[in-house]
Amino acid sequence: MAMQHPVRVRRIYDDPLPADGTRVLVDRLWPRGLTKEKAHLDDWCKGVAPSTELRKWYAHDPRLFDEFSRRYRTELQEPAAATALDHLRTLAGQGPLTLLTATKEPGISEAAVLCELITAG
């Protein structure tokens, strides 16, 4: 049985930590005011991000998170998104993985949904 490596969710604006492992931005849009150098990214996985329509509908309203999560999981079954999710699972199997997002509330973001899916197997 393969060892389970930690998967974390963090804000991209926070300073990198040694325990971050592979750092992957999972937002569709580049974070405002952040240079690529300061981001310290290993990968930018746009293909796993929610659709623009879903992102705008959700608008990070905590009351809509459960429905957002349900709709987002449905989107992740589309071939391109499923391939991107498999890529993240592969990275998680190789070592610690940190999913990065620009949202102010990472616990109710697409990164949180992805973390749950990746760690659930």
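Reckoned from all heavy atoms, side chains included, excluding hydrogens, waters and symmetry mates. Residue numbers start at 1 and run along the sequence shown.
- Of all the heavy atoms in S51 and E75, the pair that sits closest is OG-OE2, 2.6 Å.
- Interatomic distance, S69 OG to L117 CG, rounded to the nearest 0.5 Å: 7.5 Å.
- Two residues are said to be in side-chain contact when any heavy atoms from C-beta on lie closer than 4.5 Å; R71 and Y58 fail this criterion.
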Requested in this report: Check the pair W30, K46 against side chain to side chain contact (heavy atoms under 4.5 Å, CB included), reporting the backbone distance first and the verdict last.
Outcome: CA-CA 9 Å; W30 185 260; K46 289 186 243 184; over 6 Å; no
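- Contact check for T22 versus Q94: no side-chain heavy atoms found under the 4.5 Å cut-off.
- Taken to the nearest 0.5 Å, the NE2 atom of H40 stands 8.0 Å off from the OG1 atom of T35.
- Within the 4.5 Å cutoff, the side chain of D27 has no heavy atoms near those of the I12 side chain.
- Taking every heavy atom of both residues into account, R23 and P16 meet most closely at NH1-CA, 3.5 Å.
- In this structure, F65 and F68 have tilted ring planes: the angle between them lies in the 30° to 60° band.
- Contact check for R73 versus E116: side-chain heavy atoms found under the 4.5 Å cut-off.
- With values rounded to the nearest 0.5 angstrom, L99 atom CG is found 10.5 Å from D20 atom CG.
- Using a 4.5 Å heavy-atom threshold, the side chains of P31 and L25 count as touching.
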Return all side-chain donor-acceptor pairs below 3.5 angstrom for residues 102-112, not counting sequence neighbours, or 'none' if the list is empty.
| residue | atom | partner | partner atom | Å |
| --- | --- | --- | --- | --- |
| T103 | OG1 | H60 | ND1 | 3.4 |
| T103 | OG1 | E105 | N | 3.4 |
| S109 | OG | P106 | O | 2.7 |
| S109 | OG | A111 | N | 3.2 |
| S109 | OG | A112 | N | 3.4 |

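- Linking ILVMFWY side-chain heavy atoms closer than 4.5 Å, directly or via other members, places L100 and L91 in two distinct hydrophobic clusters.
- Transitive grouping of hydrophobic side chains (ILVMFWY, heavy atoms separated by less than 4.5 Å) brings L76 and W57 into a common cluster.
- In this structure, NE2 on H5 lies 14.0 Å from OG1 on T119, to the nearest 0.5 angstrom.
- Taking each heavy atom of D42 and G21 in turn, the nearest pair found is OD2-O, 3.7 Å.
- Taking OG1 from T98 and CG from L17, the interatomic distance works out to 7.5 Å, rounded to the nearest 0.5 Å.
- Here the closest heavy-atom approach between residue K36 and residue W44 is recorded as NZ-CZ3, 4.3 Å.
- Between the R8 side chain and the A19 main chain, a donor and an acceptor come within less than 3.5 Å of each other.
- In this structure, the separation between CG on L34 and CG on L41 is 7.5 Å, given to the nearest 0.5 Å.
- Clustering ILVMFWY residues whenever any of their side-chain heavy atoms sit less than 4.5 angstrom apart, transitively, puts L114 in the very cluster that holds L54.
- Inter-residue side-chain proximity for Y72 and V48 is flagged as met; some heavy-atom pair is nearer than 4.5 Å.
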